[in-house]
Amino acid sequence: HNYPNPFNPSTTIRYEVPVESKVTLSIFDMLGRKVQTLVDGQLKPGVYTEAWNASSLASGAYFYRIDAKDVTPGSGRRFSETKRLVLLK
């Protein structure tokens, strides 16, 4: 989840990684265009926070998507979640 939401101009996205995974956390606009990638790498289990500063963007709705793939050999487990963010200026 992110807090605060709505936000101006920055918000913090909090997420948990239960097993060592290849994680990507990206921000998209309403048209599905990628605005920014905040995380792209392998993470160990734990709770993480990422700050996003949207001061250069217009007010409106955005989405963040977390994609994770378990790196345990033979696992094949994947996770994906999309949530809405609202930027108010």
Side-chain angles (χ1 to χ4, degrees):
H1 69 279
N2 74 295
Y3 55 91
N5 192 20
F7 66 97
N8 178 22
S10 61
T11 187
T12 300
I13 300 168
R14 182 183 182 276
Y15 60 99
E16 183 174 356
V17 177
V19 297
E20 190 166 348
S21 302
K22 167 73 168 88
V23 177
T24 304
L25 171 58
S26 300
I27 310 291
F28 296 86
D29 67 14
M30 288 292 292
L31 299 176
R33 296 177 296 208
K34 188 183 293 184
V35 173
Q36 187 173 0
T37 298
L38 300 178
V39 176
D40 185 13
Q42 193 162 315
L43 300 178
K44 296 200 177 294
V47 176
Y48 295 86
T49 58
E50 295 296 330
W52 181 48
N53 186 320
S55 59
S56 65
L57 298 171
S59 294
Y62 293 86
F63 296 91
Y64 70 86
R65 185 173 75 209
I66 298 174
D67 292 302
K69 180 183 181 293
D70 187 340
V71 296
T72 305
S75 166
R77 290 185 292 185
R78 294 179 177 270
F79 171 81
S80 183
E81 182 175 59
T82 303
K83 298 273 186 165
R84 186 173 176 214
L85 307 152
V86 178
L87 171 60
L88 295 177
K89 288 190 173 183

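Heads up: numbering here begins at 1 and tracks the sequence. Every heavy atom of this structure was used, including side-chain atoms; hydrogens, water molecules and symmetry mates were not.
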- line: Rounded to the nearest 0.5 Å, the CD atom of E20 sits from the NZ atom of K44 at a distance of 4.0 Å

query: Can you tell me how far the OH atom of Y3 sits from the CG atom of L85, to the nearest 0.5 Å?
result: 13.0 Å

message: For P18, is there any backbone N or O sitting under 3.5 Å from a side-chain donor or acceptor partner on D70?
response: no

Where S26 and T37 come nearest, the two heavy atoms and their spacing: OG-OG1, 3.5 Å

Gap between atom OH of Y64 and atom CG of N5 - 0.5 Å precision: 8.5 Å

field: salt_bridge(K34, D29) N-O dist < 4.0 Å
entry: no

- request: Taking all heavy atoms of T11 and all of P4, pick out the closest pair and write down the distance.
  value: OG1-O, 2.9 Å

task: Find the distance between CG (L87) and NZ (K89) and round it off to the nearest 0.5 Å.
output: 5.5 Å

- prompt: Can you tell me how far CG of L38 sits from OG1 of T49, rounded to the nearest 0.5 angstrom?
  reply: 11.0 Å

query: Once you round to the nearest 0.5 Å, how far does NZ of K69 lie from CZ of R77?
result: 11.0 Å

query: Can D67 and R78 be said to form a side-chain contact (heavy atoms from CB on, under 4.5 Å), step by step?
result: CA-CA 7 Å; D67 292 302; R78 294 179 177 270; over 6 Å; no

- prompt: Is a side-chain donor or acceptor of K83 paired with a backbone partner of I66 at a separation under 3.5 angstrom?
  reply: no

message: Can you give me the closest heavy-atom contact between E16 and V47, atom names plus distance?
response: CG-CG2, 4.1 Å

- prompt: Mind checking whether L57 and V86 sit in one hydrophobic cluster, side chains of I, L, V, M, F, W, Y counted as touching below 4.5 Å?
  reply: no

- prompt: Of the non-hydrogen atoms in N2 and R84, which two are nearest, and what is the gap between them?
  reply: OD1-O, 4.0 Å

- request: Examine W52 together with F7 and report whether their ring centres are nearer than 6.0 Å.
  value: yes

query: Do you reckon V39 sits in the same ILVMFWY cluster as V17, going by side-chain contacts under 4.5 Å, direct or chained?
result: yes

- request: Would you sort out whether D40 and K22 count as a side-chain contact (heavy atoms from CB on, under 4.5 Å), showing the intermediate values?
  value: CA-CA 7 Å; D40 185 13; K22 167 73 168 88; 2.4 Å; yes

query: Between Y15 and Y48, how do the two ring planes meet: parallel, tilted or perpendicular, split at 30° and 60°?
result: parallel

